[in-house]
Amino acid sequence: MSSPSTKILDHIVHLTPPGSVNEVSRQFRDLGFHVLPGGTHAGGLTENALVILQDGAYLELISFTHPASHYPPGSPERQRRDANPWAWKEPGWIDYAFLGSSSTSISELINARAKKDKSRIRYDLEVDGGRERSDGKVLKWRISAPSQDGDRGLAPFFCGDVTPREWRVPLDPPSNAEHPSGVLGIAYVRILVQDNDLSDMKANITSVIGRSPVSNTSRRATWVLDTPKTDVAGGKPRLIIGVPETADERWTLKERGQGIYEVAFLVSSGMKAGQAWTPYGKIAWVKG
């Protein structure tokens with residue numbers, strides 16, 4: 001039996017302040033995205049909306065339902081909120097997921113690969129997750145994330161569906177993935193790291209993906225990913241990890257720390273071009 005792929009881009013997570021899912025949905029519509037309602041996650045701490053792309057990947061527009069101060073100090077709810085890996089993140093692009101498996105342990109697969117490679121990355125065993133859609137349908141999945149908090153948002157977490165993926169990512173009707181901006185799919189996800197962490201991150205991501213980068217310099221490395229609907233948008237997405245090269249990138253790294261700096265979208269010819277802001281994260285438009 002062949003091992004499942006560990007390089008299929010599933011979704012990218014965009015965080016906004018508590019209770020702001022409706023507001024960020026409007027902001028993304030203003031940018032030319034078709035936004036679908038999501039729902040509230042199991043446990044009730046977070047809620048989301050979705051931007052589904054023709055390549056099968058999607059954007060998760062997520063926020064906490066309430067600020068931390070809503071929960072009494074020391075209460076179980078407050079402890080669960082404070083323990084959430086995104087509780088202390090600044091708004092913007094905060095994380096990304098690869099497609100996992102409900103039948104094979106991705107964590108065991110990657111940990112064995114990393115041990116053989118002598119890279120530092122390790123993943124926690126899978127845990128159950130889920131949410132209830134606005135129509136009442138209950139979704140279930142299994143999550144595996146990097147064991148070290150410092151690796152979260154640099155290396156992907158994995159989401160493997162227990163219920164059908166099309167419940168979580170409704171590509172039918174096709175109009176769900178049609179956008180006024182002409183967006184087709186993901187062109188690249190670009191992550192900034194400190195100079196002294198680049199070598200480690202290259203090794204870590206190589207262990208996660210199971211392949212060496214297709215481009216590798218002293219300043220950045222690039223891997224080619226797959227998507228759930230390969231090549232629908234006319235090209236495969238790239239994962240780019242590098243050090244800052246401009247004043248804005250250096251400022252961002254200093255103020256926000258290491259993580260996703262920019263998400264680029266493939267767009268139809270003659271549609272959007274250049275750059276935009278979400279307003280919490282950077283966007284680039286790339287001709288498809």
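- Closest of all the heavy-atom pairs between I260 and D95 is CD1-O, 3.5 Å.
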- Message: With side-chain contact (heavy atoms from CB on, under 4.5 Å) as the criterion, how do R122 and Q148 come out once you've worked through the C-alpha distance, each side chain's angles and the decisive distance to 0.1 Å?
- Response: CA-CA 8 Å; R122 294 294 186 274; Q148 297 297 318; over 6 Å; no
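- Looking at Y71 and Q79, their side chains never bring a donor and an acceptor atom within 3.5 Å of each other.
- From L184, atom CG reaches atom NZ of K287 across 12.0 Å, with rounding to the nearest 0.5 Å.
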- side-chain hydrogen bond (donor to acceptor under 3.5 Å, both in side chains) between S105 and E126: does it pass, once the steps are laid out? CA-CA 7 Å; S105 174; E126 284 72 11; 3.1 Å; yes
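- The shortest distance between side-chain heavy atoms of L53 and I186 falls below 4.5 Å.
- No salt bridge links K229 with D55; every basic N to acidic carboxylate O contact stays at or beyond 4.0 Å.
- Within 6.0 Å of atom CZ in R211, 12 or fewer heavy atoms from other residues, nucleotides or ligands are found, so the atom counts as exposed in its surroundings.
- Side-chain heavy atoms closer than 4.5 Å link hydrophobic residues (I, L, V, M, F, W, Y) into clusters, and following such links, possibly through other members, connects I209 to L154.
- By the criterion of side-chain heavy atoms lying less than 4.5 angstrom apart, applied directly or through intervening Ile, Leu, Val, Met, Phe, Trp or Tyr residues, Y58 is not grouped with L139; the two fall into different hydrophobic clusters.
- When all heavy atoms of V183 and S181 are compared, the closest pair comes out as CG2-OG, 3.1 Å.
- Taken to the nearest 0.5 Å, the CD atom of E60 stands 11.5 Å off from the CD1 atom of I52.
- There is no side-chain donor-acceptor pair under 3.5 Å between D161 and S102.
- Rounding to the nearest 0.5 Å places CG of N48 at 11.5 Å from CG of L59.
- For the pair I121 and V208, the minimum side-chain heavy-atom distance is below 4.5 Å.
- For the pair R256 (side chain) and P91 (backbone), a donor-acceptor distance under 3.5 Å is present.
- If you check the side chains of E23 and T16, you find no donor sitting under 3.5 Å from an acceptor.
- A single hydrophobic cluster is seen to contain both W141 and I62, as judged by linkage of ILVMFWY side chains at heavy-atom distances under 4.5 Å, directly or through other members.
- By the 4.5 Å heavy-atom criterion applied to side chains, T6 and L109 are counted as neighbours.
- Formation of a donor-acceptor pair under 3.5 Å by the R219 side chain with backbone atoms of P244 is found in this model.
- Put simply, the side chain of R238 does not reach to within 4.5 Å of the side chain of R190, judged on heavy atoms.
- A side-chain donor-acceptor contact under 3.5 Å links N111 to the backbone of S107.
- Counting heavy atoms from C-beta outward, L192 and V243 have side chains that stay 4.5 Å or more apart.
- Inter-residue side-chain proximity for P156 and I205 is flagged as met; some heavy-atom pair is nearer than 4.5 Å.
- Under the 4.0 Å criterion applied to side-chain N and carboxylate O atoms, E249 and K282 are not assigned as salt-bridge partners.
- Criterion: ILVMFWY side-chain heavy atoms under 4.5 Å apart, direct or through other members. Under it, I143 and I94 are part of a common hydrophobic cluster.
- Two rings, from F28 and H14, have their centers less than 6.0 Å apart.
- Within 6.0 Å of CG on D149 lie no more than 12 heavy atoms contributed by other residues, nucleotides or ligands.
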- Going through the checks in order, is the side-chain hydrogen bond (donor to acceptor under 3.5 Å, both in side chains) test met by R120 and S207? CA-CA 9 Å; R120 181 181 53 79; S207 291; over 6 Å; no
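- I241 and L198 get closest at one heavy-atom pair: O-CD1, 3.8 Å.
- Counting heavy atoms from C-beta outward, P17 and S63 have side chains that stay 4.5 Å or more apart.
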- Apply the test side-chain hydrogen bond (donor to acceptor under 3.5 Å, both in side chains) to residues Y188 and E262: give CA-CA distance (whole Å), side-chain angles for both, the deciding distance (0.1 Å), then the verdict. CA-CA 8 Å; Y188 62 79; E262 180 181 41; 3.2 Å; yes
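- Using the six-membered ring where Trp is involved, H11 and F157 have ring planes that are perpendicular, over 60° apart on the 30 and 60° scheme.
- A cation-pi arrangement, defined by a distance under 6.0 Å to the six-membered ring centre and an angle within 45 degrees of its axis, is present between K137 and W167.
- Residue-environment remark: NZ (K140) stays at or below the threshold of 12 foreign heavy atoms within 6.0 Å.
- Ring centroid separation for the pair W285 and F33 comes in under the 6.0 Å cut-off.
- Distance CG/L61 to CD/Q27: 9.5 Å, rounded to 0.5 Å.
- The existence of a salt bridge linking R78 and D82 is confirmed by a sub-4.0 Å separation between a basic side-chain nitrogen and an acidic carboxylate oxygen.
- Taking OG of S69 as the start and CZ of R81 as the end, the distance is 8.0 Å to the nearest 0.5 Å.
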- Message: Set out, in order, the CA-CA distance, both residues' side-chain angles and the distance that settles side-chain contact (heavy atoms from CB on, under 4.5 Å) for T206 and N204, then state yes or no.
- Response: CA-CA 5 Å; T206 294; N204 289 345; over 6 Å; no
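- A distance of 10.5 Å separates OG1 of T278 from CG of L15, quoted to the nearest 0.5 Å.
- Minimum interatomic distance between P213 and A221 (heavy atoms only, all atoms of both residues): CB-CB, 4.0 Å.
- Taking the six-membered ring for Trp and thresholds of 30 and 60 degrees, F98 and Y96 have ring planes more than 60 degrees apart, a perpendicular arrangement.
- Contact record, A57 with R165: CA-NH2, 4.5 Å, taken as the closest heavy-atom pair.
- Within the 4.5 Å cutoff, the side chain of V51 has heavy atoms near those of the H179 side chain.
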- Task: May I have the step-by-step check of side-chain contact (heavy atoms from CB on, under 4.5 Å) for H41 and E47, ending in yes or no?
- Result: CA-CA 6 Å; H41 290 95; E47 56 188 351; 5.7 Å; no
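- No side-chain donor-acceptor contact under 3.5 Å links T46 and R131.
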- Message: I240 vs V189, test: side-chain contact (heavy atoms from CB on, under 4.5 Å). Steps then yes/no.
- Response: CA-CA 6 Å; I240 304 169; V189 178; over 6 Å; no
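- Under the 4.5 Å side-chain heavy-atom criterion for ILVMFWY residues, a single connected hydrophobic cluster contains both I110 and W223.
- Electrostatic pairing of R152 and D124 does not count as a salt bridge here, judged by no charged N lying under 4.0 Å from a carboxylate O.
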- Could you walk me through whether T222 and S215 pass the side-chain hydrogen bond (donor to acceptor under 3.5 Å, both in side chains) test, one step at a time? CA-CA 5 Å; T222 301; S215 173; 4.7 Å; no
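- No donor-acceptor distance shorter than 3.5 angstrom exists from the side chain of S144 to the backbone of I106, with no hydrogens or angles considered.
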